[in-house]
Amino acid sequence: MRAAVVHEYGAPGVVRVVDIDTPTPGAKDVLVRIRATAVTAADSRIRGARFPRGFAPFARLAFGIRRPRTTVLGNTFSGVVEALGPKVTGIAVGDEVAGTTGLRMGTHAEYAVVPASRVVAKPAGVSHDDAAGVLFGGATALFFLRAKATVGPGTRVLVNGASGAIGTSAVQLAKHAGATVTGVTSGANADLVRSLGADHVIDHTTTDLASVTERYDVVLDTVGTLSPASGRRLLADGGVLLLAAADLGELLRARGDVRAGTAPERVEDARELLDLVASGALRVVLDRVVPLDDVVAAHERVDSGRKVGNIVLNP
């Protein structure tokens, strides 16, 4: 099979598309023919060994000290079941499925082996591109807005980085919950963010958030440009600051009105996100959809910091 492999840490050019052996599913695994997979900020960080401050020693132990331990990156997938392990039940060859692979990764390839427990049925009305695109940013947004805060009718929510993979989902999920949403993005993406449901948009290229006088019940920073101190200045009484891109120091100091953490990969969240997409309540924003041979350009786009929504590969 063809796969995008990374044998050393470095710039996007270290990714190569080569032929490797097709993996064989274990007893409780399924082999999925990948139709779509996302290239995410997580893939970029691992490939370039550019981890948030303080996390590098631990990340190197997890992913490989001198070179990536897992050579095929990619964590989200949508595709068709090709083969089953002998102990798999409730799934059939030919089923259209989606999900995430955790630290196993491996989805930037034509085929991937996935634990059957991590597979969910893809709704018929959801494209493979949308299914693969929604799971990374959508799960992170869902985790922070639900597990780390209380968002409901009348809640004033500010999303910093509203045009990214996490931000585009967060704006919509908060609005779906009944919140009044303010999105922070560049002027070029303001109309997009409004179309996703934002009631107000702040152009960060012309307005310093330090000058904003409005106060919010929930501030979600998806891009790591707010510190606990600068974020707290935006909070109303009883408000909470959510740091989705916290460094190690911020994570360790997060308490009270500052909350951070890593979103778990839960099949029930994947199923909920796919159902929201199927119902039309959640729109998946795709920056671009490219073939596997354009994987280097996909990594370059992620590294640029100008990605809007999600980048999807079609192996």
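In what follows, residues are counted from 1 in the order of the sequence shown. All heavy atoms count here, side chains included; hydrogens, waters and symmetry mates do not.
Without hydrogens or angle criteria, Ser230 side chain to Ser227 main chain gives a donor-acceptor distance under 3.5 Å. Judged by distance alone, the side chain of Arg60 and the main-chain N or O of Ile65 form a donor-acceptor pair under 3.5 Å. Looking only at distances, a side-chain donor or acceptor of Gln172 sits under 3.5 Å from a matching main-chain atom of Arg283. The backbone N or O of Pro291 lies less than 3.5 Å from no partner atom in the side chain of Asp294, so there is not a single donor-acceptor pair. Checked by atom type and distance alone, the side chain of Asp95 pairs as donor or acceptor with a backbone atom of Ala92 at under 3.5 Å. For the pair Thr70 (side chain) and Val72 (backbone), a donor-acceptor distance under 3.5 Å is absent. In terms of modelled atom types and a separation under 3.5 Å, the side chain of Asp287 and the main chain of Asn310 share no donor-acceptor contact.
More than 12 heavy atoms of other shown residues, nucleotides or ligands fall within 6.0 angstrom of atom CG in Asp19. Summarising the local packing, CZ of Arg69 is surrounded by more than 12 heavy atoms from other residues, nucleotides or ligands at distances under 6.0 Å. The neighbour count for His176 NE2, taken as heavy atoms of other residues, nucleotides or ligands under 6.0 Å away, does not exceed 12. The environment of CG in Leu103 is sparse: at most 12 heavy-atom neighbours from other residues, nucleotides or ligands sit within 6.0 Å.
Smallest separation of non-hydrogen atoms from Ala298 and Val290: CB-CG2, 4.4 Å. The nearest pair of heavy atoms linking Lys122 to Ser78 is CD-OG, 3.3 Å. When all heavy atoms of Ala112 and Gly106 are compared, the closest pair comes out as CB-O, 3.5 Å. Closest of all the heavy-atom pairs between Val114 and Thr100 is CG1-O, 4.4 Å. Contact record, Val289 with Asn314: CG1-OD1, 3.2 Å, taken as the closest heavy-atom pair. Between Ser279 and Leu276 the shortest heavy-atom distance is OG-O, 3.0 Å.
The hydrophobic clustering, which links ILVMFWY residues whose side-chain heavy atoms are closer than 4.5 Å, places Leu313 and Tyr111 apart. Under a hydrophobic clustering in which Ile, Leu, Val, Met, Phe, Trp and Tyr are joined whenever their side-chain heavy atoms come within less than 4.5 Å, directly or via other members, Leu274 and Phe136 fall into different clusters. Using a 4.5 Å cut-off between side-chain heavy atoms of Ile, Leu, Val, Met, Phe, Trp and Tyr, with links allowed through other members, Val39 and Val14 fall into the same hydrophobic cluster. Linking Ile, Leu, Val, Met, Phe, Trp and Tyr whenever their side-chain heavy atoms come within less than 4.5 Å leaves Val113 and Val93 in two separate clusters. One hydrophobic cluster holds both Val88 and Ile34 under the rule that ILVMFWY side chains link at heavy-atom gaps under 4.5 Å.
Summarising the geometry, atom CG belonging to Leu158 is positioned 6.5 Å from atom CG belonging to Asn160; distances are rounded to the nearest 0.5 Å. The CG atom of Asp129 lies 13.0 Å from the CD1 atom of Ile311; values are rounded to the nearest 0.5 Å. Note that CZ of Arg2 is 12.5 Å distant from OG1 of Thr22, once rounded to the nearest 0.5 Å. Note that the CZ atom of Arg194 and the CG atom of Asn189 stand 11.0 Å from one another [nearest 0.5 Å]. If you take NZ on Lys28 and OG1 on Thr89, they are separated by 10.0 Å, rounding to the nearest 0.5 Å. If you take CG on Leu192 and OG1 on Thr168, they are separated by 7.5 Å, rounding to the nearest 0.5 Å.
Between Arg67 and His7, the closest side-chain pair of non-hydrogen atoms is not below 4.5 Å. Contact annotation: the side chain of Val312 never approaches that of Thr37 to less than 4.5 Å [non-hydrogen atoms, C-beta and beyond]. Side chains of Leu242 and Lys148 form a contact here, defined as non-hydrogen atoms less than 4.5 Å apart. Using a 4.5 Å cut-off on side-chain heavy atoms (C-beta onward), Asp257 and Arg232 make contact. Counting heavy atoms from C-beta outward, Val97 and Val120 have side chains that stay 4.5 Å or more apart. Taking the side chain as every heavy atom from C-beta outward, Pro23 and Leu31 approach each other to under 4.5 Å. For the pair Arg146/Val151, no side-chain contact is recorded, criterion being any heavy-atom separation below 4.5 Å from C-beta on. Contact annotation: the side chain of Leu209 approaches that of Val184 to within less than 4.5 Å [non-hydrogen atoms, C-beta and beyond].
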Determine, step by step, whether Asp29 and Arg104 satisfy the salt bridge (charged side-chain N to carboxylate O under 4.0 Å, His left out) criterion, reporting the C-alpha distance in whole Å, the side-chain angles of both residues, the deciding distance to 0.1 Å, and the verdict.
CA-CA 12 Å; Asp29 297 331; Arg104 179 183 291 203; 3.8 Å; yes

Do Asp191 and Val193 pass the side chain to side chain contact (heavy atoms under 4.5 Å, CB included) test, and can you show the C-alpha distance, the side-chain angles, and the key distance before you say yes or no?
CA-CA 5 Å; Asp191 287 343; Val193 173; over 6 Å; no

Residues Ser211, Thr207; criterion side chain to side chain contact (heavy atoms under 4.5 Å, CB included); working and verdict:
CA-CA 7 Å; Ser211 69; Thr207 301; 3.8 Å; yes

Run Arg47 and Tyr9 through side chain to side chain contact (heavy atoms under 4.5 Å, CB included) and show every step you take.
CA-CA 5 Å; Arg47 183 220 73 232; Tyr9 293 121; over 6 Å; no

Check the pair Phe144, Leu243 against side chain to side chain contact (heavy atoms under 4.5 Å, CB included), reporting the backbone distance first and the verdict last.
CA-CA 9 Å; Phe144 276 97; Leu243 302 177; 5.8 Å; no

Derivation of the salt bridge (charged side-chain N to carboxylate O under 4.0 Å, His left out) call for Glu250 and Arg259:
CA-CA 9 Å; Glu250 291 168 340; Arg259 301 169 189 177; over 6 Å; no

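Every salt bridge (charged side-chain N to carboxylate O under 4.0 Å, His left out) that Lys175 has, sequence neighbours left out, goes to Asp199. Partners of Asp247 by salt bridge (charged side-chain N to carboxylate O under 4.0 Å, His left out), not counting sequence neighbours, listed by chain and number: Arg53. Every residue two or more places apart in sequence or in another chain that forms a side chain to side chain contact (heavy atoms under 4.5 Å, CB included) with Thr205 is listed here: Ser186, Asp203.
Checked against Arg156 for a side-chain hydrogen bond (donor to acceptor under 3.5 Å, both in side chains), the options Thr180, Thr182, Asp217 give a single hit: Asp217. Each of Leu241, Leu235, Val240, Val181 was checked for a side chain to side chain contact (heavy atoms under 4.5 Å, CB included) with Val218, and the lone residue meeting it is Val240. Here the options are His299, Arg301, Arg50, Lys307, the test is side-chain hydrogen bond (donor to acceptor under 3.5 Å, both in side chains), and the partner is Ser44; only Arg50 passes.
Using the six-membered ring where Trp is involved, Phe63 and Phe51 have ring planes that are parallel, under 30° apart on the 30 and 60° scheme.
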